[in-house]
Each structure stands twice: as structure tokens, then as C-alpha cells.
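Written below as C-alpha cells is the structure these notes are about.
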Amino acid sequence: MRTILVVDDEPSISTLLQFNLKQAGYNVISADDGKQALEIALKEKLDLIILDLMLPGMDGMDVCKHLRQEKVNVPIIMLTAKDEEFDKILGLELGADDYMTKPFSPREVIARVKAILRRTQDVKTEDENGEVIKIGDLKIFLDRYDVHFKDKLLVLTPKEFELLLYLANNHGKVLSRDQLLNGVWDFHYDGDTRIVDVHISHLREKIEDDSKRPVYIKTIRGFGYKLEGPSDE
């Protein structure tokens, strides 16, 4: 059963979300402030977080930022009120996967949750060689640091492997160049994101049948990249 963390300090909204998620077959954990949410997310195995923007103590943006800094890649849906200022691009750069504006329909929430979980499910599996991430014809063997494409072993540099793994762990999610710099290189290049583009280009030459028409690593114009499989389209 998938586990979802609901974070909202308004009891009526939290209760509404919990009831409908449980009716849809999910296990639900709740928190009513940012600090508590962060503690739960770092300790529990979660499949998704529904996170209110305005929270006492630590707001939703800070919670999201801290989780991504700790390499917690669980999908996050941010909740905002109509009169709250929310920069969608900033939220996505900090690691949110989607956002919804209050008031919302419970049916829409469930639909968004299902869509995000559908993107991320069944990517990691176990076989005789240990844990492996499978996306289309691409296989990443985590225990061996091996990557196979169409059952052929690829020769990747350590940084290419790290970049591919980071993309795979965020399968289906759009990642900005700054996110990739911070997540893979662990620091900023003073705004110079060309190093990301160069490594993406090298990866495409190795995992794409036609690097000029990529099927796996897609460019999202004006924002960054995402890794998906042929069946995701």
C-alpha cells in the first residue's frame, strides 16, 4: 500500500484530504507544521507528500528545499491558497513536482496523486544481480555501478553515471540545470550550466539510438531535462 504524508495546519483541509486518500486505498500520515513534516519525511518511507505552502514555523518551500538537500526524492504536491504568492518556477526548482490551488476538489487531488505515482512506480526492481532501475531498454545496476542499454554494457565516466542515476531517481520529473548542478556536482558553477549540457550530450550519444532525436533524455525548453522511457509518452 502506498503511503502519503499530508501536511496542512488547517484541520478541515487535512481531514478532507486524509479521508479521500484513505477511501482511494492509500495509507496516510499527517503533520500540521513544517518541522514535524520534515522529521517524518526523513524517517518514514513515503511515496508522496501533499505539502501546504503556508505552515507555522517552517513553510512548505523550506521543507521542500531541506528534503531535496537531504537527497529525499519523494514526489511533492504543493498546496497554495488563491491569495498566496507562489512562484511556480521557484517551487519546481526547489523540488516540488506539482502544485494545486485551494479550494480544490478531492477528485482532482486523487487524480494528481495517481498521475504522479504512475510516473514513478515500478522503476526499481530486484533481480539476481541486486537492485536495478529499468526504464525502457535502459538498465542501471546499482550494486555494480553498471549501465546496460539493449543488454549491451555502456562505458560511462563516474560523473556520467551519477548524472544518469540522478535523472533515473527522478524518473518523469523535469529537473532544471541548477537542480542537476546541485544534485550531481553538489555545488553551483556561478550560473554556468554548460557543464550539464555537455554531460547530457555525452549521455545521449551512449543511450539514444539517435542522439539528435532523444527518446530517453528529453529537453524541456526554458527549464531543463527529464528522463523518461518510450512507454511514458
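For the single chain, residues carry numbers from 1 onward in sequence order.
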Joint hydrophobic cluster, [X] plus [Y], side-chain heavy atoms closer than 4.5 Å:
X      : Y      : result
Leu164 : Leu181 : yes
Leu48  : Leu16  : no
Phe104 : Ile110 : yes
Leu165 : Ile195 : yes
Tyr145 : Ile135 : yes

Hydrogens and angles aside, do Tyr225 and Asn170 bring a side-chain donor and acceptor to less than 3.5 Å of each other?
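On atom types as modelled, these side chains do not qualify, holding no pair under 3.5 Å.
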Testing the 3.5 Å rule here: is there a donor-acceptor pair between the side chains of Ser14 and Gln18?
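Yes, Gln18 and Ser14 have a side-chain donor paired with an acceptor closer than 3.5 Å.
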Side chain to side chain contact (heavy atoms under 4.5 Å, CB included) partner of Val7, the single match among Leu51, Leu79, Val63:
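Between Val7 and the candidates, side chain to side chain contact (heavy atoms under 4.5 Å, CB included) is satisfied uniquely by Leu51.
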Given side-chain contact (heavy atoms from CB on, under 4.5 Å), test Leu42 with Glu70 step by step and report yes or no.
CA-CA 8 Å; Leu42 292 174; Glu70 294 296 323; 3.9 Å; yes
Once ring-ring contact (aromatic ring centres under 6.0 Å, His included) is applied, do any residues pair with His202, and if so which ones, sequence neighbours excluded?
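In terms of ring-ring contact (aromatic ring centres under 6.0 Å, His included), with neighbours along the sequence ignored, His202 is linked to no residue.
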Would you name the heavy atoms of [X] and [Y] that are closest together and state the gap between them?
X      : Y      : result
Ser211 : Pro214 : O-CD, 3.7 Å
Ala81  : Thr101 : C-CG2, 4.2 Å
Lys206 : Val155 : NZ-O, 2.8 Å
Leu46  : Ala41  : CD1-CA, 3.7 Å
Leu163 : His199 : CD2-CB, 3.5 Å

Supply the atom-to-atom distance [X] [atom1] to [Y] [atom2], rounded to the nearest 0.5 angstrom.
X      : Y      : atom1 : atom2 : value
Met54  : Asp9   : CE    : CG    : 9.0 Å
Thr3   : Ile40  : OG1   : CD1   : 12.0 Å
Lys173 : Gln179 : NZ    : CD    : 5.5 Å
Ile133 : Leu138 : CD1   : CG    : 9.0 Å
Arg177 : Phe223 : CZ    : CZ    : 10.0 Å
Leu5   : Ile50  : CG    : CD1   : 9.0 Å

Suppose we screen for salt bridge (charged side-chain N to carboxylate O under 4.0 Å, His left out). Which residues come up paired with Glu108, at least two apart in sequence or across chains?
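With neighbours one apart ignored, the set is Arg112.
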Under the rule for salt bridge (charged side-chain N to carboxylate O under 4.0 Å, His left out), what residues qualify as partners of Lys150, not counting sequence neighbours?
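Expected list: Asp209.
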Given side chains that start at C-beta, do those of [X] and [Y] come closer than 4.5 Å, heavy atoms only?
X      : Y      : answer
Val113 : Ile4   : yes
Lys139 : Asp151 : yes
Leu38  : Met58  : yes
Leu203 : Leu156 : yes

Test item: [X] side-chain N/O and [Y] main-chain N/O as donor-acceptor pair under 3.5 Å:
X      : Y      : result
Glu160 : Thr157 : yes
Glu131 : Phe141 : no
Arg68  : Val72  : yes
Thr219 : Arg221 : no
Glu208 : Tyr216 : yes
Asp59  : Leu55  : no
Lys226 : His171 : no

May I ask you to decide whether Asp52 forms a salt bridge with Lys102, counting only side-chain N to carboxylate O separations under 4.0 Å?
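Salt bridge present between Asp52 and Lys102.
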Counterpart residues, side chain to side chain contact (heavy atoms under 4.5 Å, CB included), relative to Asp210 (two or more places apart)
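Result, side chain to side chain contact (heavy atoms under 4.5 Å, CB included) vs Asp210: Lys212, Arg213.
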By side chain to side chain contact (heavy atoms under 4.5 Å, CB included) - contacts of Thr15 (at least two apart):
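Result, side chain to side chain contact (heavy atoms under 4.5 Å, CB included) vs Thr15: none returned.
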List the steps, then state whether side-chain contact (heavy atoms from CB on, under 4.5 Å) holds for Val6 with Tyr26.
CA-CA 11 Å; Val6 172; Tyr26 299 106; over 6 Å; no
Begin with the C-alpha distance, continue with both residues' side-chain angles, and end with the deciding distance and a verdict on side-chain contact (heavy atoms from CB on, under 4.5 Å) for Leu167 and Ile217.
CA-CA 9 Å; Leu167 287 164; Ile217 303 178; 4.2 Å; yes
Could you walk me through whether Met100 and Ile77 satisfy the side-chain contact (heavy atoms from CB on, under 4.5 Å) test, starting with their C-alpha distance in whole Å, then the side-chain angles of each, then the deciding distance to 0.1 Å, before giving a yes or no?
CA-CA 7 Å; Met100 296 186 63; Ile77 298 176; 4.1 Å; yes
Show me the side-chain donor-acceptor pairs of residues 28-36 shorter than 3.5 Å, one per line, residues at least two apart or across chains.
unit_1	atom_1	unit_2	atom_2	d
Asp33	OD1	Lys35	N	3.1
Asp33	OD1	Gln36	N	2.7
Gln36	OE1	Asp32	N	3.2

